[in-house]
Amino acid sequence: MAAATWSYRGDPEAEQPALLVTFANGQLRRPAALRFRLYRSSAAASPRRRRRRIVVSETERLSYVGNNFDSGVVRCNSLCRYFVGVLNKDSGQMEVYNAEIFNMQPLLSDNVIPDDAKDYQNKSFREKVDLCIEAFGTSKQKRALNSRRMNAVGNDVLNTAVTKAAANVIDAKGVTALIQDVAQDDVQNMSVFLPPCHEDADKPEHVYKFEDILSPAEFEALKGPAAAFINITPEEVTKKTEEKSHCSFVLEELKFLPVDEKSRDHKARCLWFLDILIKFSFLKVIKKKHPMGPECPHIISRKLMKNFTSLTYNNGSVQNLISASMKTKIAAYVIALALHINKFQIDLTILQNDMKLHESKMMDIAKAMRLKISKAKGLPGLENDQNHKLGTLSLPLPVQKTSGNQRKRKKMN
């Protein structure tokens with residue numbers, strides 16, 4: 001094939017360059033069916049404004065607008081020049097023309113500038129602010145507005161699809177069956193955050209094994225920090241109670257430490273870890289490497305971060321978060337450890353107050369752990385006017401109910 005010769009036609013200052021367009025939201029299926037309109041600036045006196053151009057096009061679904069002067073224009077137009085070559089197949093010559101690229105953006109608002117002042121007054125505050133942004137906003141504000149409008153279109157489509165799918169499921173299965181399925185899912189979802197339960201255990205202490213709460217290595221690491229509890233005096237307990245430096249359950253149990261050295265040491269370590277668990281549950285986002293202070297052993301800090309936090313991505317970094325589900329898990333492990341401390345019968349109301357949980361939430365966790373709930377007066381000095389709930393772990397375990405005794409739910413619309 002003979003090489004084609006080419007010649008340059010046109011000066012960008014003397015005539016209108018050829019127009020090249022790109023579409024911000026995809027490619028056209030039928031580009032030949034599209035028509036464009038070009039608008040030129042009438043400000044002939046201004047050298048900068050007289051070169052301003054606006055290109056408008058419409059499809060069956062959207063209108064598109066592009067220009068060569070807005071802040072969102074293709075930046076490469078100012079850094080280089082584009083050309084379009086037209087090849088004459090008969091002569092083998094190519095004529096080259098100046099070209100300019102326009103980035104076509106979808107125009108999602110059909111009424112950008114109100115034609116009537118009355119229509120403008122009827123618009124909401126949000127719509128008026130959007131009009132101001134379109135007319136006078138910065139490039140960042142305009143990008144955010146365009147993104148929000150495009151998301152609104154996607155949300156409308158998604159909501160319509162979800163509503164239709166939900167209606168089909170309700171018609172096929174019925175509301176009663178769906179409520180029963182939700183109740184069953186609640187029980188299954190709760191069990192994910194509970195300590196391992198050994199239903200075939202022959203003793204209460206084997207239902208929630210101590211080794212599943214604290215491994216031998218973790219228990220050994222608690223010897224140092226728990227030493228202050230082992231040798232604590234009644235005066236020190238009274239002082240800590242006045243200062244409220246520990247939770248009520250721990251302060252009450254410190255008054256009744258066993259005389260036997262081994263049993264005293266075991267209970268002191270369990271109380272120290274239970275107190276740390278409750279304090280840890282009050283945190284939101286973990287930002288420190290050792291959130292519970294330098295006195296907390298490394299193996300315990302690692303256990304708290306690994307077992308009782310969720311990983312979340314925020315502001316370009318991965319963070320450890322104590323979500324509502326993780327707080328439920330902490331409450332379940334606190335109950336299991338308290339059962340081992342207090343001979344498998346505990347005052348749930350004291351733990352509920354210590355963890356600042358609603359009574360219904362605490363009762364749900366206790367029932368999911370197969371405890372028998374009974375009423376009793378609180379311990380001396382601990383809100384005697386409040387009806388306390390006792391939780392007892394005994395064999396055989398109560399049958400777990402999946403429906404019937406569930407709390408009433410809000411009506412489904």
Side-chain angles (χ1 to χ4, degrees), residues 213-214 218-219 221-261 263-301 303-305 308-309 322 326-327 329-343 345-359 361-362 376-391:
I213 305 171
L214 281 170
E218 293 163 351
F219 183 77
L222 295 173
K223 181 178 181 179
F229 282 178
I230 297 176
N231 303 318
I232 196 168
T233 63
E235 292 76 15
E236 290 174 333
V237 173
T238 303
K239 183 179 179 181
K240 288 181 179 293
T241 303
E242 294 173 353
E243 296 172 349
K244 297 182 178 179
S245 56
H246 302 286
C247 64
S248 299
F249 180 88
V250 171
L251 292 173
E252 189 64 26
E253 291 299 323
L254 284 175
K255 299 176 183 178
F256 306 102
L257 288 175
V259 178
D260 178 69
E261 183 178 350
S263 300
R264 189 182 185 91
D265 175 65
H266 185 277
K267 186 171 183 178
R269 298 190 198 190
C270 293
L271 289 174
W272 192 90
F273 181 68
L274 186 141
D275 189 63
I276 283 291
L277 264 183
I278 293 178
K279 290 178 179 177
F280 187 73
S281 69
F282 296 143
L283 303 179
K284 298 294 184 181
V285 178
I286 312 299
K287 298 181 179 180
K288 299 180 181 178
K289 187 175 181 180
H290 300 287
M292 304 315 296
E295 69 277 1
C296 183
H298 176 70
I299 190 173
I300 300 299
S301 294
K303 177 186 182 69
L304 296 175
M305 299 289 285
F308 301 107
T309 65
I322 300 181
M326 286 295 107
K327 190 162 186 177
K329 184 176 182 180
I330 293 174
Y333 275 76
V334 165
I335 290 175
L337 184 57
L339 288 170
H340 280 275
I341 293 173
N342 210 20
K343 298 179 180 179
Q345 185 178 67
I346 55 175
D347 191 325
L348 293 171
T349 305
I350 293 180
L351 292 177
Q352 166 204 323
N353 294 335
D354 285 338
M355 298 196 69
K356 295 180 172 59
L357 295 175
H358 292 292
E359 181 179 346
K361 182 69 173 179
M362 198 67 173
K377 278 292 183 180
L379 295 172
L382 292 175
E383 302 182 50
N384 290 322
D385 57 332
Q386 185 178 8
N387 289 326
H388 284 228
K389 300 291 181 64
L390 292 180

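Values below: every heavy atom of this structure, side chains too, minus hydrogens, waters and symmetry copies. In this chain, numbering begins with 1 at the start of the sequence shown.
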Heavy-atom distance under 4.5 Å between the side chains of [X] and [Y], does that happen here?
{"X": "Ile213", "Y": "His340", "value": "yes"}
{"X": "Met292", "Y": "Leu283", "value": "yes"}
{"X": "Gln352", "Y": "Lys389", "value": "no"}
{"X": "Ile335", "Y": "Met362", "value": "yes"}
{"X": "Lys240", "Y": "Ile232", "value": "yes"}

Determine the minimum heavy-atom distance between [X] and [Y], stating which atoms define it.
{"X": "Lys327", "Y": "Ile322", "answer": "N-CG2, 4.4 Å"}
{"X": "Leu271", "Y": "Phe229", "answer": "C-CE1, 4.1 Å"}
{"X": "Leu257", "Y": "Arg264", "answer": "CB-NH1, 3.5 Å"}
{"X": "Asp354", "Y": "Ile278", "answer": "O-CG2, 3.8 Å"}
{"X": "His266", "Y": "Phe219", "answer": "CD2-CZ, 3.4 Å"}
{"X": "Leu357", "Y": "Ala331", "answer": "CD1-CB, 3.9 Å"}

Within 6.0 angstrom of Glu243 CD, more than 12 heavy atoms from elsewhere: yes
